[in-house]
Amino acid sequence: MTGDRVNARLDARLVPCAAAAWAVTLVGLYAGERAALAVSVMAILLAGVAATARVRGSRAVRAVAGPLLATFLIGAGYGVAVGVRAGVAETHPLAIAAARGASVTAEVVLDGDPKPLRQNHFGGAPQVRVPASLRSAQLGRERIDAGGSLVLFAAADTWAALVPGQRITVRGTLAVADGPGLEVALVRAEGPPRAVAPPPLHQRWAATVRERLVSAAHTVLSPDAAGLLPGLIVGDTSNLPDDVREEFRVAGLTHLTAVSGANVSIVLGAVLLLVRALGIGPRTGTALAVLALVAFVVVVRPSPSVLRAAAMGSVALLALVVGRRRQAMPALAASIGVLLIAAPDLAADAGFALSVVATAGLIAVAPGWVTRMRARGCPRAVAEVCAVSAAAFVVTAPIVAALSGTVSVVAIVANVAVAPVLPPLTVLGSLIVVCGAVWPPAAELLARGAAPMLWWLLEVAERSASLPTAELAVPAGAAGAVSVVAAIVCGWVVVRHRRLRRIVAVAALAAAAVCVPMWIRQPGWPGTGWVIVACDVGQGDSFVLSTGDGGAVVVDTGPDPATVDRCLRRLRVTRIPMLMITHLHADHVGGLDGVLADRSVGVVVTGPGATGRPGGADLVATARRFAVPTRETNRGELFTVGTITVRVLGAGPGGGEENDRSLVARADTPIGSVLLTGDAEAGAQEALLRSGADVRADVLKVPHHGSRTSSPRFLAAVRPRVALVGVGRDNPFGHPHPETLSTLHELGTRVLSTDVLGDIAVLRAGSGALAVVSDHRGTIGP
């Protein structure tokens, strides 16, 4: 049998087997033990059908039945394995105790570095998240000697210096681990770790190497470059500034600041080239490459994500060395299977999915594009860089869209622009790591040599992210993935047909002739200097106030995490010193996860008694899941955050309906005062007026989505210049009500609603005037 036929047979079996293993593992991680075992039973039945067809079917049927039989058997095996592990996690004594919030004293071994949760100091100390393996636990008088995975949340000041492999004792409160995975519980640590044992020798060595790399970078490089270099080389982004992090995300360069298969490929490629240059034999060279790989994994931490990157990088290097993608695809599939056996949680890891899909794209798609580009006279180096960047973007864009609700328009160009400096920078960075371990002054000297390449990366990220419409908003979840796939298919059809290419090219030039001058005049949305934005979150409220220092105060979250997350991403808000929840109705608090996830949030502020009312416990539990503190506030309390000051005016009568318990606050901003009213209705509004509170404001967040429950006397007392209404299009409640709109118009107020204008930003236009910018209609005017 020829080599090509062997590779084809391997593709036919291993690739679907890997897909089946991944699919049933996901079922077990998300749906639990019973679903995984049910899928296994179904797979065994289908395997029986395939086995029968393989024995009794025709030649064509037997050819198809063979791969199907292997696929179903592999899927059944993974289903049983993950089902059993999920069952053990679900019935673990700590999982049962977590449901009642019990206290525990546990002896654990740290599985990874403490990761900062990037919250502000406003209202709470910084926290870290630490994965750990359980060795034993004490629940009251009961001692439990059992394993299992835990996630610890603890204070950064006493936990951040720990390293993987240390055995410690922790006392804390258990919480349910309700996400996908096999963790038995979450633990909120109380106080510092106890009985801290020293880490293993190799981990102490790795910690020293990492510290010396950070020290060398900060000694000779600018703060941005010093934060970037450790991220590029060892995946340490703890010192990366938030604005640089956001620029890399928008530009589609985030993968550079995480350890990936590319890092492994470049390091191993450099080792192999050095081995060949020195004339070392293949066996010795292979041993040196393996030794380099092991050292690399130890330094960047042997977490599942790093092991995944090492496996993917090795596969990519295999494709490069042998130059035959048919041999690389079966190797990729086999790597997936092995990794899912070792760490099933990888199946639900977004980084794992992106890495696998990107590697598959480089194996299956990029070589063909390189061939076509070279046939048209493109130099090999240029063709390879462009094809690799484009292929990786195309195959990962649907996943990115589903996860984030955005697609970077500039990602391909940005990745092509930085591609020439990545291999030398990775090699130089590796030399800095080696020299730092032996002679730190040499590491500092080499770090100076990396400065120009780091400057180029930072410059490309900044310029790319600042371009108008650098990223497009798409629906999050499956809808976003489907829409991006449809766009890719349409683009492929256009590229394949000459006449369509001409039509699209003419249309694109015409659109550019109209849009580019507009972008030059007013780059991006909402532009610079915005102070308050009403996010279009459908039938609900979410308002964002800029603090002037890159952060923002967010008031309410709307009903859906995806919509508020998309609004905050467009505003590039990653730091939220204070999140204020006016009341507990779902259209104001349902999007809480979308604000807290992947952002630095200092504190969640609610009205008096809110945490004890229906929905309050869920609010506190969600905030705890992201290690964000909650606190209740009272009338007269003052919060100063950056350039704005928020004064709490009241929270309605204590025994009223939830709407009338809405927290009402007045924010003093650079454009004047903003009155934030939640869903306070006429009774609460009249009570506020009787209290003597100063409700006069330049900008009013219209109460209760503009319903007719507002008091005309209250609106007249506010007399705003601009009124913002958070409301959903075609909502069944008739919001905003014509009577309320008429009252505001009679006061000379400009009324703007999100159902018509989308996201609305208010900013200073000069001479005290307010300007309003809509993402649907552009500048509305002063």
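Values below: every heavy atom of this structure, side chains too, minus hydrogens, waters and symmetry copies. Bear in mind that the values here come from a model prediction, so they are computed numbers and not experimental data.
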Please check this pair: side chain of Thr749 against backbone of Val751, looking for a donor-acceptor N/O pair closer than 3.5 Å. no
Applied to residues 674-687, the salt bridge (charged side-chain N to carboxylate O under 4.0 Å, His left out) test, sequence neighbours excluded, yields Glu686-Arg713
Backbone N/O of Ser707 and side chain of Thr740: donor-acceptor pair under 3.5 Å: yes
Is there side-chain contact between Leu592 and Thr557, with at least one heavy-atom pair below 4.5 Å? yes
Donor-acceptor pair, side chain of Asn239 and main chain of Ala226, under 3.5 angstrom: no
Does some side-chain heavy atom of Leu579 sit less than 4.5 Å from a side-chain heavy atom of Val605? no
Ile576 side chain near Leu568 side chain, heavy-atom distance below 4.5 Å: yes
Kindly say whether Asp698 contributes a backbone atom to a donor-acceptor pair with the side chain of Ser673 at under 3.5 angstrom? yes
Polar side chain donor-acceptor pair, Asp755 to Ser753, under 3.5 angstrom: yes
Taking atom CZ as the centre, does Arg613 end up with more than 12 heavy-atom neighbours from other residues, nucleotides or ligands that are less than 6.0 angstrom away? yes
Would you call Thr563 and Asp536 a side-chain contact if the rule is heavy atoms closer than 4.5 Å? no
Parallel, tilted or perpendicular, as decided by the 30° and 60° cut-offs, for the rings of His705 and His588: tilted
Closer than 3.5 angstrom, by distance alone: can the side chain of Thr547 be matched with the main-chain N or O of Thr643 as a donor-acceptor pair? no
Is the shortest heavy-atom distance from the side chain of Ile532 to the side chain of Lys701 under 4.5 Å? no
Flag side-chain contact, heavy atom, 4.5 Å: Pro720 against Val722: no
I'd like to check Phe248 versus Leu228 (side-chain heavy atoms, cut-off strictly below 4.5 Å). Are they in contact? yes
pair His583-Arg661: side-chain heavy atoms closer than 4.5 Å: no
Ser542 side, atom OG; Asp560 side, atom CG - distance, nearest 0.5 Å: 11.5 Å
Does Gln539 use its side chain to pair, donor to acceptor, with the backbone of Asp587 at less than 3.5 Å? no
Give a yes or no on whether the backbone of Arg696 and the side-chain of Arg666 come within a donor-acceptor separation of less than 3.5 Å. yes
